[in-house]
Structures are given as C-alpha cells and as structure tokens.
2 protein chains.
Amino acid sequence: MTTRTTRSLEHPARDDIRLAGVLHALSDPMRLHIVHVLAEEAEAQSCAVFDLPVSKSTTTHHFRVLRESGVIHQAYRGTAKVSCLRREDLDALFPGLLDGVLRACSLESARLAGRP
Amino acid sequence: MTTRTTRSLEHPARDDIRLAGVLHALSDPMRLHIVHVLAEEAEAQSCAVFDLPVSKSTTTHHFRVLRESGVIHQAYRGTAKVSCLRREDLDALFPGLLDGVLRACSLESARLAGRP
DNA sequence: GCGTTAGTACGACGTCTAACGTACTACGAA
DNA sequence: TTCGTAGTACGTTAGACGTCGTACTAACGC
C-alpha cells in the first residue's frame, strides 16, 4: 500500500536558486532565527525543536519558504521532518553571503541584548 | 519664505538599522540593481541616472525603502536628489554583509548572462 | 515670471504575506 | 488496532507590497 517513507519534497536545483529569493527568505525575523539556529547545529534538526512563538501551521509555512527559496534542505525521518542549511549550494553560488548574514545575525543579537 | 534648500529627509540612526529590514530592502530585484550600481560609483548618484523600467513614482518608492531601511543616504542637491550607500554604517554594524551581497549580485548576473 | 527638470504625495489596484484554526495524513509505539 | 506525535492542506483574514497615474512642489535657467 505505497508506504512512501519519502513523501515528495520539492527543492529548487542549485541553478534555480535566486539571490533575491534567498534574501527575501532571510528578511523575516522568524526565519532568520531558524537559520541562525540551524547554522549552529551539526545535525539536521526537526522543526519541533525550534519552539517558535507561532502556530504549527505558520511554522510549516516558514519552513516551506526557506526550502522553496533554496536556503534549507528538508527530509522526512520517521514522523519528523528534519531540516539543514544548504551550505554547499549557497557557498558555491554566493560565497561568503551566508557567513556574512549569520555573522550579522549574531552581532545584532548581541547588540540588542546589550541595549534593551 | 522658508526656502529650505534642505527639505527634511528621514534617515534611521545607525543603531536603529535592523538586519531583517536591510535584507528585506535588498530582496527586491529592482532595489538590488540600484544598490549594485551605487556600489560601483564613487560619487553619489541622482535617482535619474538609473533609468529603471518603472514609473517615476515607483522609483521614488524603491529609493525610500532603501533609505528608511538604512541602506542608502540621500540628500538634495539643487533639483536633484543624490543617493549613496551607507557603507560606513553597514560595515560597522554587519561587517562583510554588504560586500557579500554585492559579490553575490555580480556572480549571479554573470551566471545568468552566461546561460540565457 | 515662465518653463523645464526632478522628484513627492496621494489614492487606487491587484497580488503577496504572515498569521490563524480546523481537519487531515503519516509514522511509530503501546 | 488504537493512540499519540509531527507535520500538511485548506480556507480565511488583515495588512503589506509593487505598481500605476495624476496632481503637486522645489530648484534652476531663460
């Protein structure tokens, strides 16, 4: 009965990733946070570990935007769906961009925490 | 009769510039193009030199988004309004970010031109 | 003053977006 | 097989966005 352990998940090919799309995906604070956390973890993370202050359906939405823009890769693992950054693709297309954004993200967090 | 040569132009202070706002400003192809051109020019440029494929009012809109997010600085010079990147502020807040985006922008242009 | 040039303000329009709730499916465990 | 967990699909809502046109203002040069 078609036990598709791998339900299909659409990912853009490397050449279809667009800078404007990536920047748009990163321009939302919630998604920036997700990317920031993903960058610090070696393992692919389940969506559930983020505990975002929004509903489940909104969480799904944000992960989809990240995936469809080419920022993250997602795969089903059992009942969970795990996500990880597409570092290799992003670094090949836009060297230094992801690191620049992640560093900026860390610096801003520190700056805003220092001046509340 | 109040010949304010300097009509007031709102710019965010350095500390009010937000990463998400900057990324959002850069996530539009038209604005990315503007920033790309500004980065290659030493002099501040008038809005008119860009010759964007949109109406004057839309052009005004895009420059305003860039200014209000802290990406560019604008000033009146005679009848023109000249714009330049806020490199110093952006590099202080998010070192490497602007360069990363600009380089990514150049690389993508070259890549897309090669495969039409 | 008059016209030209450069940009603004405002209102309108259709589209996109972020958020929600509810109802559903897929997998693993009891 | 039944239940719980994790996430999807769908429909909706309110607001933001990109675009336009028209009417306006400010500075310059004649």
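So that the names make sense, note that chain A is the first sequence line, chain B the second, and so on, each numbered from 1. Owing to the predicted nature of the structure, the values given are computational and were not obtained by experimental measurement.
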So which nucleotide from [options] ends up closest to the side chain of [X]?
{"X": "B/Thr60", "options": "D/dC20, C/dG7, D/dG7", "value": "C/dG7"}
{"X": "A/His62", "options": "D/dG7, C/dA18, C/dC20", "value": "C/dA18"}
{"X": "A/Met30", "options": "C/dA9, D/dG7, C/dA19", "value": "C/dA19"}
{"X": "B/His61", "options": "D/dT19, C/dT8, D/dG7", "value": "D/dT19"}
{"X": "A/Ser55", "options": "C/dA18, C/dG21, D/dG7", "value": "C/dG21"}
{"X": "B/Ala80", "options": "C/dA18, D/dA9, C/dA6", "value": "C/dA6"}

How many Å lie between [atom1] on [X] and [atom2] on [N], as a whole number?
{"X": "A/Arg64", "N": "C/dC16", "atom1": "CZ", "atom2": "P", "value": "15 Å"}
{"X": "A/Glu68", "N": "C/dA18", "atom1": "CD", "atom2": "P", "value": "12 Å"}
{"X": "B/Leu52", "N": "D/dG18", "atom1": "CG", "atom2": "C1'", "value": "13 Å"}
{"X": "A/Asp28", "N": "D/dG15", "atom1": "CG", "atom2": "C1'", "value": "14 Å"}
{"X": "A/Phe63", "N": "D/dA6", "atom1": "CZ", "atom2": "P", "value": "13 Å"}
{"X": "A/Glu10", "N": "D/dA9", "atom1": "CD", "atom2": "P", "value": "11 Å"}
{"X": "A/Arg31", "N": "C/dT17", "atom1": "CZ", "atom2": "P", "value": "8 Å"}
{"X": "B/Ile34", "N": "C/dG7", "atom1": "CD1", "atom2": "C1'", "value": "14 Å"}

Review point. Which is true for B/Ser46 with a 4.0 Å heavy-atom rule: it touches a base, it touches only sugar-phosphate, or it touches nothing?
Key: sugar-phosphate
Check your understanding: Is there a donor-acceptor contact under 3.5 Å from the side chain of A/Thr59 to the main chain of A/Ser55?
Key ->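 A pair under 3.5 Å: yes.
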Exercise for review: Examine distances only and state if a side-chain atom of B/His62 and a backbone atom of B/Thr60 form a donor-acceptor pair shorter than 3.5 Å.
Suggested key: no
Point to revise | Residue B/Arg77 excluded, over 12 heavy atoms near CZ under 6.0 Å | key: no
Review point. Under the 3.5 Å rule, do the base of C/dG7 and the side chain of B/Lys56 count as making a donor-acceptor pair?
Key: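 Flag set: donor-acceptor pair detected.
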Can you see if the side chain of [X] gets near the phosphate of [N] - specifically, an N or O under 4.0 Å from OP1 or OP2?
{"X": "B/Ser57", "N": "D/dC20", "value": "no"}
{"X": "B/Thr79", "N": "D/dA26", "value": "no"}
{"X": "B/Thr58", "N": "D/dT19", "value": "no"}
{"X": "A/Arg77", "N": "D/dA6", "value": "no"}
{"X": "A/His24", "N": "D/dC17", "value": "no"}

Exercise for review: Please check if any side-chain donor atom of A/Ser83 sits under 3.5 Å from a side-chain acceptor atom of A/Gln74, or the reverse.
Suggested key: yes
Practice item. Could you check B/Ala48 against A/Val54 and say which one's nearest nucleotide on DNA chain C is further toward the 5' end? Key: B/Ala48
Practice item. Salt-bridge test for A/Asp99 and A/Arg87: reply yes if a basic N is under 4.0 Å from a carboxylate O, no otherwise. Key: yes
Exercise for review: For ring-ring contact (aromatic ring centres under 6.0 Å, His included), just list the numbers for B/His24 and A/His24, CA-CA rounded to whole Å, side-chain angles, deciding distance to a tenth of an Å, and then say yes or no.
Suggested key: CA-CA 6 Å; B/His24 171 253; A/His24 172 252; 7.5 Å; no
